[in-house]
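Beneath this line is the structure, given in structure tokens, with notes to follow.
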Amino acid sequence: MRPRRWVEFAVISCRSLLLSPPRKQHVCSGSRRHHGTLMAEEAKKLAAYAAVDNHIQNNQVVGVGSGSTIVYAVDRLAERVRQEKLNIVCVPTSFQLDVAIDGADEVDAALTLIKGGGGCLTQEKIVAGCAKHFIVIADYRKDSKALGQQWKKGVPVEVIPMAYVPVSRAIARRFGGEAVLRMAVSKAGPVVTDNSNFILDWKFEHAQNWKEVNTAIKMIPGVVETGLFVGMAERVYFGMEDGSVKTRDPPIN
């Protein structure tokens with residue numbers, strides 16, 4: 001758990017963000033920005049706005065995740081705070097969150113998520129686990145019937161640095177596939193998380209019982225957390241290519 005001063009600073013910072021003037025949106029022109037990227041960004045915005053409008057109410061404590069989609073959720077929160085004079089407190093971690101909103105790298109038909117492409121899986125799972133309602137926002141590219149159809153980079157697993165070799169071998173031996181140490185792009189060496197740990201990306205070969213797999217991997221000595229979010233999401237909002245928003249709830253067993 002972060003020190004109390006850090007949490008208080010996060011609350012103050014988020015309040016300042018929500019009360020600040022709207023940010024100007026800059027759109028890059030030219031061949032660098034492909035039409036598909038623009039569509040995906042608009043889809044993220046659609047999903048984020050729908051989630052905030054449907055789930056955020058006055059006098060709530062809101063957990064805010066990380067990633068590119070969350071930027072639009074914060075923008076919409078800011079608009080509603082200014083227009084409706086909402087009293088909203090945003091924190092990165094808490095034991096009493098009303099609603100947590102976050103993105104995902106992939107969502108399957110059962111609302112099982114893969115998260116952690118950006119490396120924040122442990123802190124994101126803490127926030128989601130502390131919330132009464134965990135809402136996911138994503139664009140159409142993250143929608144899959146089964147994990148692995150869209151997201152090809154594998155399931156992130158945060159590990160203690162000294163344990164990454166035995167953990168990677170244990171995962172591959174028990175579940176197949178390959179667990180690869182994530183390397184940094186702009187610097188030499190592996191990616192280091194905010195918790196000073198390493199990340200393995202487990203590239204699995206076939207569908208699994210994700211609830212059992214998640215529990216089993218977490219029991220391997222040296223594993224901190226996995227990027228599998230099983231049975232946590234209450235609803236997912238997908239921004240679609242045609243400008244609509246598709247929602248998905250957990251299947252009724």
Side-chain angles (χ1 to χ4, degrees), residues 1-27 40-105 107 111 113 115 118 120-140 142 194 229 231-240 243-250:
M1 180 59 63
R2 296 281 190 176
R4 180 175 178 82
R5 290 183 179 178
W6 188 90
V7 175
E8 290 174 345
F9 172 77
V11 172
I12 294 171
S13 299
C14 196
R15 281 174 170 167
S16 299
L17 175 62
L18 295 180
L19 293 173
S20 62
R23 297 180 302 134
K24 293 183 179 180
Q25 299 293 328
H26 299 280
V27 179
E41 288 302 313
E42 181 63 24
K44 292 178 183 180
K45 180 178 178 180
L46 289 168
Y49 275 44
V52 170
D53 288 348
N54 289 337
H55 296 277
I56 302 302
Q57 302 174 16
N58 196 29
N59 297 319
Q60 283 187 331
V61 181
V62 180
V64 180
S66 58
S68 59
T69 311
I70 294 302
V71 173
Y72 298 110
V74 173
D75 284 346
R76 182 55 179 159
L77 277 170
E79 288 183 0
R80 291 194 59 196
V81 166
R82 288 191 298 270
Q83 295 171 1
E84 304 172 36
K85 308 300 181 184
L86 296 182
N87 178 31
I88 298 293
V89 176
C90 301
V91 293
T93 57
S94 171
F95 289 105
Q96 294 179 334
L97 297 178
D98 293 302
V99 180
I101 300 176
D102 206 351
D105 297 311
V107 183
L111 262 64
L113 317 175
K115 289 176 55 59
C120 298
L121 57 150
T122 298
Q123 295 185 11
E124 290 173 348
K125 190 172 280 191
I126 290 171
V127 172
C130 291
K132 296 176 184 177
H133 306 284
F134 176 42
I135 308 301
V136 176
I137 51 179
D139 63 78
Y140 54 91
K142 313 301 176 60
D194 290 338
F229 284 53
M232 300 185 73
E234 178 178 308
R235 175 171 290 180
V236 178
Y237 290 85
F238 294 104
M240 305 305 292
S244 64
V245 176
K246 181 175 73 174
T247 62
R248 180 177 300 160
D249 297 325

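The shown structure was predicted, so the numbers you read here are calculated from the model rather than taken from an experiment.
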Salt bridge (Lys or Arg N to Asp or Glu O under 4.0 Å) contacts in which one or both residues fall within residues 52-69, not counting sequence neighbours: D53-R76

Shortest non-hydrogen contact between [X] and [Y], atoms and distance:
X	Y	result
A233	P250	O-CG, 3.6 Å
A100	A128	CB-CA, 4.4 Å
V107	L111	CG1-CA, 4.1 Å
E41	Y72	OE1-OH, 2.6 Å
I137	A48	CD1-CB, 3.5 Å

Under the criterion side chain to side chain contact (heavy atoms under 4.5 Å, CB included), I'd like the reasoning laid out for V127 against L97: C-alpha separation, chi angles, the key distance, then a yes or no. CA-CA 8 Å; V127 172; L97 297 178; 3.7 Å; yes

NZ/NE/NH1/NH2 to OD/OE distance under 4.0 Å, D98 and K132: yes

Full working for side chain to side chain contact (heavy atoms under 4.5 Å, CB included) between D102 and V136: CA-CA 5 Å; D102 206 351; V136 176; 5.8 Å; no

Using the rule given for salt bridge (charged side-chain N to carboxylate O under 4.0 Å, His left out), can you reason through R235 versus D249, listing the C-alpha separation, both sets of side-chain angles and the distance that settles it, and then say yes or no? CA-CA 5 Å; R235 175 171 290 180; D249 297 325; 2.7 Å; yes

Non-neighbouring partners of [X] that pass side-chain contact (heavy atoms from CB on, under 4.5 Å), sequence neighbours left out:
X	answer
K142	A138, D139
S68	K44
E84	R80, L86
L46	E42, V245

Using side chain to side chain contact (heavy atoms under 4.5 Å, CB included), reason through V89 and N59 one step at a time and then give a plain yes or no. CA-CA 8 Å; V89 176; N59 297 319; over 6 Å; no

Quick one: [atom1] on [X] to [atom2] on [Y], what's the gap to the nearest 0.5 Å?
X	Y	atom1	atom2	value
L77	Q60	CG	CD	10.0 Å
L113	E124	CG	CD	10.5 Å
L121	D194	CG	CG	10.5 Å

Side-chain touch T247/V236, heavy atoms, less than 4.5 angstrom: no

Less than 4.5 Å apart, any side-chain heavy atom of V52 and any of I135? no

Could you work out, with side chain to side chain donor-acceptor pair (under 3.5 Å) as the rule, every residue matching E234, not counting sequence neighbours? H133

Taking side chain to side chain donor-acceptor pair (under 3.5 Å) as the definition, give me every residue that meets it alongside Y49, ordered by chain and number, with sequence neighbours left out. E79

Has the side chain of N87 got a donor or acceptor atom that lies under 3.5 Å from a matching backbone atom of N58? no

Report the residues that fulfil ring pair (Phe, Tyr, Trp, His ring centres under 6.0 Å) with Y237, sequence neighbours left out, ordered by chain and then residue number. H55

